Amino acid sequence: MQDDTDTCVLSRTERKAQEKAKILQRENSRKTYKLVAKILKKPECERTEDEAAELLQHQDTVEELCKRQVRSGTLKRKQEEVFDGPDELKHKVHQLADAVRQAQRLVVYTGAGISTAASIPDYRGPNGVWTQLQKGRPVSASDLSEAEPTLTHMCIRMLHKEKLVQHVVSQNCDGLHLRSGLPRHALSELHGNMFIEVCVSCSPAKEYVRLFDVTERTSLHRHGTGRHCCHCGKELRDTIVHFGERGTLEQPLNWQGATDAAQSADVILCLGSSLKVLKKYPCLWSMNKPASRRPKLYIVNLQWTPKDDLATLKIHGKCDDIMSLLMEDLNILTASYDKAEDPIFSLATPLRPGEEDLHNRKVIAPPAGEETCSPDTRGQAGGTAVQGGWFGKGYSKGRKKKK
């Protein structure tokens, strides 16, 4: 019995000694890394004999620090915004225009970069939502109800009207494609629409278009908006697909339309997207086809994308500038956004009595001389930072999980 007790005590003592040794080893490794990093910052000619000896003694640490430096430099280069010169830009846009003319089935993929001109921040740009959060800075205020379709949105709509674009696949939740007048059947909003809430209890799901951001109370895995279906009385839910979720709604996601368009496309034009999310959807890139039979890829983005090496052409420029030059080359006039023709006002469903106080978001102002269909115009954006259920929340959720 005494031997068993001694064994247990010895076992505990050994475990504590091992844990202490591990802690000391980590501490020594930290000190070594700091020392070697400090020495490497010095020019070789200024290093002392003792410092040179330290580097020789810790070759593994030197190699690891050099690899880290290379990785850090590569990451910084990928995050840098690059601008093509005026002459190069015109030449590339002319090549793009030729591709648009010759395409039988052109599909457009859009990201947050096409909405920055509407004062909606992107995600990975120098002032993007995730970039700011990574640096520990608050996300600047953005009244999304005041955003209007940009020149790029209107150009895409016109290209579709001229039958040069077959389908648009968007990662954006801002609803600006819909508001530009692009037909619903030609649009796939893969991550949802902040103006649309649905009743999934009805069959088929009943859709309610609103004149305000419906995601005020929603977040990851919490999609109830607090309002209820006028048919079955069940709670409505938003249509946003957060990171870590899989979108299953038929509309406004329209995955079927996106997949069919991608499979039949001969040209894909990517506008303002880092493609770091879209690349994860094999069905959008015809990966089941031989490389020679996949659609030609054209990318317009200021930063590096993981599809750059596969692109037929990469244009470094702002989307509005590129699309303006493209429409000029194609000799197509683009109508500017006219609020009086915004389809959201005709699509919107009025709130029911008693629902006016269930949101505090600012309502999209109707065209001059017209009244909004919603009885509530008192909602204000409020706050000093974006507080939406979808805007910027996916990043913070992901960071918490990683820890």
Side-chain angles (χ1 to χ4, degrees), residues 82-111 113-114 150-171 177 180-183 185-188 190 254 256-275 278-279 281-302 305-335:
V82 179
F83 290 85
D84 290 331
D87 293 337
E88 184 180 9
L89 205 61
K90 286 184 179 180
H91 176 66
K92 285 185 175 181
V93 171
H94 184 66
Q95 288 180 269
L96 176 59
D98 287 341
V100 171
R101 289 189 192 96
Q102 295 168 16
Q104 297 298 312
R105 293 192 66 83
L106 169 63
V107 179
V108 177
Y109 295 172
T110 66
I114 73 165
T150 65
L151 174 66
T152 298
H153 289 97
M154 302 309 296
C155 288
I156 292 171
R157 179 225 173 192
M158 185 56 67
L159 288 173
H160 177 267
K161 187 176 180 181
E162 295 291 325
K163 302 190 185 314
L164 292 172
V165 167
Q166 302 300 317
H167 200 83
V168 177
V169 179
S170 181
Q171 297 170 261
H177 277 303
S180 73
L182 190 68
H185 66 82
L187 175 63
S188 295
L190 300 185
N254 192 15
Q256 189 62 53
T259 304
D260 292 345
Q263 287 299 314
S264 62
D266 58 347
V267 174
I268 292 175
L269 172 59
C270 300
L271 296 171
S273 173
S274 69
L275 300 181
L278 283 185
K279 73 169 184 178
Y281 304 136
C283 61
L284 297 182
W285 305 102
S286 301
M287 299 308 289
N288 58 337
K289 296 180 181 178
S292 59
R293 293 184 56 201
R294 291 174 194 162
K296 292 181 180 179
L297 180 61
Y298 292 78
I299 300 174
V300 176
N301 204 52
L302 291 172
T305 83
K307 292 286 186 180
D308 283 357
D309 292 339
L310 301 175
T312 302
L313 181 68
K314 171 70 180 291
I315 305 178
H316 298 94
K318 292 186 176 181
C319 292
D320 278 7
D321 296 340
I322 305 303
M323 294 305 290
S324 177
L325 290 171
L326 176 63
M327 300 302 276
E328 185 180 331
D329 197 303
L330 294 171
N331 197 27
I332 298 175
L333 292 175
T334 303

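Note that this is a predicted model, so its numbers are computed, not measured.
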Quiz item: Quick one: are R294 and M287 in side-chain contact, heavy atoms under 4.5 Å?
Solution: yes
Quiz item: Looking only at atom types and distance, does a side-chain atom of K318 sit under 3.5 Å from a main-chain N or O of F83, one as donor and one as acceptor?
Solution: no
Self-check item: Atom pair OG1/NZ of T305 and K314 - distance to nearest 0.5 Å
Solution: 5.0 Å
Quiz item: Side-chain contact, heavy-atom cut-off 4.5 Å: V267 with Q102?
Solution: no
Quiz prompt | Nearest heavy atoms of S180 and R157, plus distance in Å | solution = O-CD, 3.2 Å
Practice problem: Test salt bridge (Lys or Arg N to Asp or Glu O under 4.0 Å) on D87 and K92 and set out the steps. | Solution: CA-CA 9 Å; D87 293 337; K92 285 185 175 181; over 6 Å; no
Quiz prompt | K90 NZ to I322 CD1 distance, which is reported to the nearest 0.5 Å | solution = 12.0 Å
Self-check item: R105 versus S264, side-chain donor and acceptor atoms under 3.5 Å
Solution: yes
Practice problem: Output the distance between atom CG (L271) and atom CD1 (I299), rounded to the nearest 0.5 Å. | Solution: 10.5 Å
Quiz item: Between S324 and D321, does any side-chain donor sit less than 3.5 Å from a side-chain acceptor?
Solution: no
Quiz prompt | Residue pair T150 / H153, side-chain donor-acceptor N/O under 3.5 Å | solution = yes
Quiz item: Would you say W285's side chain and L278's backbone share a donor-acceptor pair under 3.5 angstrom?
Solution: yes
Quiz item: Atom CG of L164 and atom CD1 of I156: how far apart are they, to the nearest 0.5 Å?
Solution: 12.5 Å
Quiz prompt | Closest contact, heavy atoms only, P306 versus L275 | solution = CG-O, 3.8 Å
Quiz item: Are M323 and L159 close enough, and set up right, to give a side-chain contact (heavy atoms from CB on, under 4.5 Å), and what steps lead you there?
Solution: CA-CA 10 Å; M323 294 305 290; L159 288 173; 3.9 Å; yes
Quiz item: Is the backbone of T152 close enough, under 3.5 Å, to the side chain of D320 for a donor and an acceptor to pair up by distance?
Solution: yes
Quiz prompt | Where A262 and C283 come nearest, the two heavy atoms and their spacing | solution = CB-O, 3.5 Å
Quiz item: Is there a side-chain contact between T312 and Q95, using heavy atoms and a 4.5 Å cut-off?
Solution: no
Quiz item: How far does NE2 of H167 sit from CG of L187, to the nearest 0.5 angstrom?
Solution: 6.5 Å
Exercise. Please answer whether the main-chain N or O of L284 pairs with a side-chain N or O of Y109 as donor and acceptor at a distance below 3.5 Å.
Key: yes
Quiz item: Any donor-acceptor pair under 3.5 Å linking the side chain of D84 with the backbone of L89?
Solution: no
Practice problem: Run through I315, L330, L96, V93 and flag the one making a side-chain contact (heavy atoms from CB on, under 4.5 Å) with L325. | Solution: V93
Self-check item: Validation row: Q104, Q166 side chains within 4.5 angstrom (heavy atoms)
Solution: no
Exercise. Can you measure from NE2 (H94) to CG (D98) and round to the nearest 0.5 angstrom?
Key: 4.5 Å
Quiz item: Are any of the side-chain heavy atoms of M158 and C155 separated by less than 4.5 Å?
Solution: no
Quiz prompt | Heavy-atom closest pair, residues I114 and H177 | solution = CD1-NE2, 3.6 Å
Quiz prompt | Heavy-atom pair with the smallest gap, counting every atom of P295 and A265 | solution = CB-O, 3.5 Å
Practice problem: Could you tell me whether a side-chain N or O of S188 sits under 3.5 Å from a main-chain N or O of V169, the two making a donor and an acceptor? | Solution: no
Quiz prompt | Heavy-atom pair with the smallest gap, counting every atom of Q171 and G111 | solution = OE1-CA, 4.0 Å
Quiz item: Does N288 CG have over 12 foreign heavy atoms under 6.0 Å away?
Solution: yes
Self-check item: Side-chain H-bond candidate by donor/acceptor type, S170 with T110, under 3.5 Å
Solution: yes
Quiz item: Got I268 and C270 here, is their nearest side-chain heavy-atom distance under 4.5 Å?
Solution: yes
Practice problem: Report yes or no: does D329 contribute a side-chain atom to a donor-acceptor pair with the main-chain N or O of A97 at less than 3.5 Å? | Solution: no
